[in-house]
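Read the structure below first, then the notes.
As the structure lists them, so they are numbered: ligands from 1, and atoms in each ligand from 1. Quick note: numbers below take in every heavy atom, side chains included, and nothing from hydrogens, waters or symmetry partners.
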Amino acid sequence: MRILSGIQPSGDMHLGNYLGAIKQWVNVQNPEAFYCVVDLHALTLEIAPEVLREQTLDCATTLLACGIDPEISAVFVQSHVAYHAQMSWLLECVASYGELSRMTQFKEKASRKEGYRVGLLTYPVLMAADILLYDAVEVPVGDDQRQHLELARNVAERFNARYGDTLTVPVGVQPAAAARVMDLQEPTRKMSKSISSPLGSILLLDDPSDIEKKIKKAVTDTENEVRYDPENKPGLSNLLEIFSNVTGESPSVIASRYSRYGDLKSDVATAVIEELTPIAKRYRELRPDVAALRSVIADGARRAADVAGPVYQRAANAMGLL
Ligand code: AMP
Ligand code: TRP
């Protein structure tokens, strides 16, 4: 099945990225899956050029270390396939200012900085271009991307209504549990690359002792009943969701086995350490071989361009470009 998803090379990858997105990518990978390191999206926020370059390689390595096999799926860097920026312009002439300025993520990010970059506003259009260029049927993403995905669907539908049936309308897919992993110190806020307390995020390359410490110190509540109740017990429910994603059991079933927070935390820590240790090991093996990595992403870009080129042409023709 044709799949596309993307991740920004804008900071250290964390447990939310893995459980909410990358793990799903591994599970659904197939020769028609395209996984993109979205370096153009990273330019919407301040990032030093040399940092962006390194983090793009870090990010591609993470995807491989998590289990994406480049012999099966294509792993590539967004800026290496020029159709993304070209398609984005076409879609900017389909999307409306109003719908972009209503995006929650835009409003949050724009409110943090005066003189924010225009790219922050048009960001979801570039994301729509990423998706629509591949005729993606499914887009595996975390819960925070739902609104952007809805925009991509609306843009595709509007394009088709205006210019004739041209673009495939995609659907977003979320994992059953941990589609929104919350910050361990502030469980009403999502775990994020940009704002997080040092103890709030579990990074994929954290040492087991740090993972254990962070989970043991995770903020819960003052009751002592283990129950899955995201509204009233966000911290505890977050731990249950993480555990559920890792083991496949439902959060409520897991909760029913525990009477003490400490016991649950200890088992969640063990499960997360078991899940992440092989990833960190693999990452450290792969990251030094930059030549091999570059060859993987060059191959990915070729495969991506083979699919994106004809779709771009279809869209350009439909709009009347000569
Ligand atoms: P980003 O780091 O914003 O590029 O996100 C890459 C992928 O990770 C997207 O599919 C996001 O939805 C997902 N993601 C980011 N943060 C979280 C989180 N806290 N919980 C679940 N998924 C997340
Ligand atoms: N906006 C997404 C995020 O921050 C990343 C992204 C860019 C993406 N293009 C995409 C995700 C295409 C899915 C499909 O998480």
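Residues C66 and V26 come closest through the heavy atom pair O-CG2, 3.4 Å. Across A179 and E241, no two heavy atoms sit closer than the pair N-OE1, 4.3 Å.
For ligand 1, the polar-atom distance check against N17 finds a nitrogen or oxygen pair separated by under 3.5 Å. Checked against a 3.5 angstrom limit, the closest N/O atoms of S5 and ligand 1 fall outside it. Remark: ligand 1 and K193 share an N or O pair separated by less than 3.5 Å (distance only, no angle test). Checking only distances, Y123 does come within under 3.5 Å of ligand 2, N or O to N or O. Among the atoms of G16, some N or O lies under 3.5 angstrom from an N or O of ligand 1. For ligand 1, the polar-atom distance check against M191 finds a nitrogen or oxygen pair separated by under 3.5 Å. Taking distance alone, with nitrogen or oxygen atoms compared against 3.5 Å, V181 approaches ligand 1 more closely than that limit.
Residue I131 approaches ligand 2 through these ligand atoms, each under 4.0 Å from one of its heavy atoms: 12 (C), 14 (C). Proximity to V38 (heavy-atom distance under 4.0 Å) selects the following atoms of ligand 2: 7 (C), 9 (N). Of all the atoms in ligand 2, the ones that sit under 4.0 Å from a non-hydrogen atom of V139 are 13 (C), 14 (C). For ligand 2 and L4, the ligand atoms under 4.0 Å from any heavy atom of the residue are 12 (C), 14 (C). Every atom of ligand 1 with a heavy atom of G20 under 4.0 Å away is listed here by number and element: 21 (C), 22 (N). Each of the following atoms of ligand 1 lies closer than 4.0 Å to a heavy atom of R180: 20 (N), 21 (C). Shown in contact with V141 at under 4.0 Å from a heavy atom are these atoms of ligand 2, numbered in order with element: 11 (C), 13 (C).
A salt bridge between R146 and D143 is present, with a side-chain N of the basic residue lying under 4.0 Å from a carboxylate O of the acidic one. The pair R180-D144 does not count as a salt bridge, with every side-chain nitrogen at least 4.0 angstrom from each carboxylate oxygen. Note on R282 versus E285: salt bridge recorded, some NZ/NE/NH1/NH2 to OD/OE distance being below 4.0 Å. Salt-bridge check for R53 with E50: failed, with every basic side-chain N at 4.0 Å or more from each acidic carboxylate O.
The aromatic rings of H148 and Y123 sit tilted relative to each other, their planes meeting at an angle between 30° and 60°.
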Original post:
Can you check salt bridge (Lys or Arg N to Asp or Glu O under 4.0 Å) on R257 and D267, steps first, answer last?
Top reply: CA-CA 11 Å; R257 281 207 301 273; D267 288 356; over 6 Å; no

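Given atom 3 (O) of ligand 1, the protein heavy atom at minimum distance is Q8 NE2, 4.1 Å. Nearest to atom 5 (C) of ligand 2 among the protein's heavy atoms is G6 O, 3.7 Å. Of the protein's heavy atoms, D144 OD1, 3.3 Å lies nearest to atom 11 (C) of ligand 1. At the top of the distance list for atom 7 (C) of ligand 1, counting protein heavy atoms only, stands A21 CB, 3.6 Å. Looking from atom 16 (N) of ligand 1 to the surrounding protein, the closest heavy atom is H14 CE1, 3.5 Å. When hydrogens are left out, the protein atom nearest atom 9 (N) of ligand 2 is D130 OD2, 2.6 Å; that is the closest non-hydrogen contact. The shortest contact between atom 3 (C) of ligand 2 and any protein heavy atom is with Q145 NE2, 3.2 Å.
Partner H84 forms a ring pair (Phe, Tyr, Trp, His ring centres under 6.0 Å) with one of Y312, F76, W89 and no other, that one being F76. Paired with L203 under the rule side chain to side chain contact (heavy atoms under 4.5 Å, CB included), one option of N17, D12, L15 passes, and it is D12.
Atom CG of N27 has more than 12 heavy atoms from other residues, nucleotides or ligands within 6.0 Å.
When the options G142, A178, A179 are ranked by their closest heavy atom to atom 10 (O) of ligand 1, first place goes to G142.
Using 4.0 Å as the threshold, M182 has no heavy atom nearer than that to any atom of ligand 1.
In summary, the side chains of Q29 and D69 do not present any donor paired with an acceptor at a separation below 3.5 Å, with no hydrogens or angles considered. Of the N and O atoms on the side chains of Y134 and E32, not one donor lies less than 3.5 Å from an acceptor on the other residue.
Heavy atoms of L149 found under 4.0 angstrom from ligand 2: none, in either backbone or side chain. Proximity of Q8 to ligand 2, defined as any heavy-atom pair under 4.0 Å, is confined to the side chain (atoms from C-beta onward). The proximity of D144 to ligand 2, defined as any non-hydrogen pair under 4.0 Å, does not occur for either the backbone or the side chain.
Here CG of L236 is found 9.5 Å from CD of E223. Values are rounded to the nearest 0.5 Å.
In the hydrophobic clustering of ILVMFWY residues, with side-chain heavy atoms under 4.5 Å counting as a link, V38 and I3 come out apart.
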